[in-house]
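Chain letters run A, B, ... following the sequence lines, proteins first, then strands; residues in each count from 1.
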Amino acid sequence: KAGVTQTPRYLIKTRGQQVTLSCSPISGHRSVSWYQQTPGQGLQFLFEYFSETQRNKGNFPGRFSGRQFSNSRSEMNVSTLELGDSALYLCASSMGTGDNEQFFGPGTRLTVL
Amino acid sequence: QKEVEQNSGPLSVPEGAIASLNCTYSDRGSQSFFWYRQYSGKSPELIMFIYSNGDKEDGRFTAQLNKASQYVSLLIRDSQPSDSATYLCALSRGAAGNKLTFGGGTRVLVKP
């Protein structure tokens, strides 16, 4: 069974630009959650999508948004990039029904210059 | 007070010994608890989950949960150099949705 895939793996952007990251969950999984990992703040929850609907949201500004498609693939968008957005962005896949274990993808390393 | 507290380490353990990692949490509504292992430069890998008070064993790993005292621990028996990594404790409220709240992680070093 294929794992969670994320593209691109690395990204370099400049301040003010926007970026879109993609995540394909494990086959059969309907929930995709997004997390940001930085050395200073650790792993922080951004949002979760289940059946194309945002089900949970963390404490991030509106510049961070996402969506989910009918095939459960998800995208995350960050607009007006700031230096502090440099981080490892991880998506996690789960069945989504009940309290299921989440499996992480390899992440996208975003550097904002 | 952070929602999930872990000693950052490093926890230095001789090869073959038991590594004991602790995690305390503040939200009494937490229902499910997870341990992830993260190697440097890699993404977190789920190694254990526990929902009920008591112990749960899986190979060399044992998770222990005490909801009354609000702590969860992870024991790694017969520690190997390949166990050297950062171990992240995470929890969720168990309500609809999959929001995980993570601790800062404990770095473990297993010395041959």
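- In this structure, the side-chain contact (heavy atoms from CB on, under 4.5 Å) partners of T24(B), at least two apart in sequence or on a different chain, are E5(B), Y71(B).
- Closest heavy-atom contact between L100(B) and F45(A): O-CB, 3.9 Å.
- For the atom pair CG (N56(A)) and CZ (R93(B)), the distance works out to 11.0 Å, reported to the nearest 0.5 Å.
- Neither the backbone nor the side chain of F47(A) comes within contact range of chain B; no heavy atoms are under 4.5 Å apart.
- Summarising the geometry of P106(A) relative to S43(B), their closest heavy-atom pair is CA-OG, 3.8 Å, with the distance given to 0.1 Å.
- Going from atom CD of Q102(A) over to atom CZ of F34(B) covers 7.0 Å, rounded to the nearest 0.5 Å.
- Grouping the Ile, Leu, Val, Met, Phe, Trp and Tyr side chains by contacts below 4.5 angstrom, directly or via other members, places L91(B) with M48(B).
- For E3(B), no part sits under 4.5 Å from any heavy atom of chain A, backbone or side chain.
- The side-chain heavy atoms of P44(B) and L90(A), taken from C-beta on, include a pair separated by under 4.5 Å.
- Put simply, CZ on F103(A) and CD on E45(B) are 10.0 Å apart, with the number rounded to the nearest 0.5 Å.
- In this structure, chain A has a heavy atom under 4.5 Å from the side chain of L46(B), while its backbone stays farther away.
- Using a 4.5 Å cut-off between side-chain heavy atoms of Ile, Leu, Val, Met, Phe, Trp and Tyr, with links allowed through other members, V19(A) and M76(A) fall into the same hydrophobic cluster.
- In this structure, Y36(B) contributes its side chain and F104(A) its backbone to no donor-acceptor pair below 3.5 Å.
- Considering every non-hydrogen atom in both K99(B) and Y35(A), the closest pair reads C-OH, 4.2 Å.
- Residue R15(A) qualifies as open at atom CZ: its count of foreign heavy atoms under 6.0 Å is 12 or below.
- Other residues, nucleotides and ligands contribute only 12 or fewer heavy atoms inside 6.0 Å of the NZ atom of K42(B).
- Only the side chain of Q37(A) comes within contact range of chain B, with at least one heavy atom under 4.5 Å from a heavy atom of that chain.
- The environment of R107(B) atom CZ is sparse: at most 12 non-hydrogen atoms of other residues, nucleotides or ligands sit within 6.0 angstrom.
- L83(A) is connected to L21(A) through a chain of hydrophobic side-chain contacts under 4.5 Å among Ile, Leu, Val, Met, Phe, Trp and Tyr, so both are in one cluster.
- By the 6.0 Å contact criterion, CG on N59(A) is open, its count of non-hydrogen atoms from other residues, nucleotides or ligands being 12 or less.
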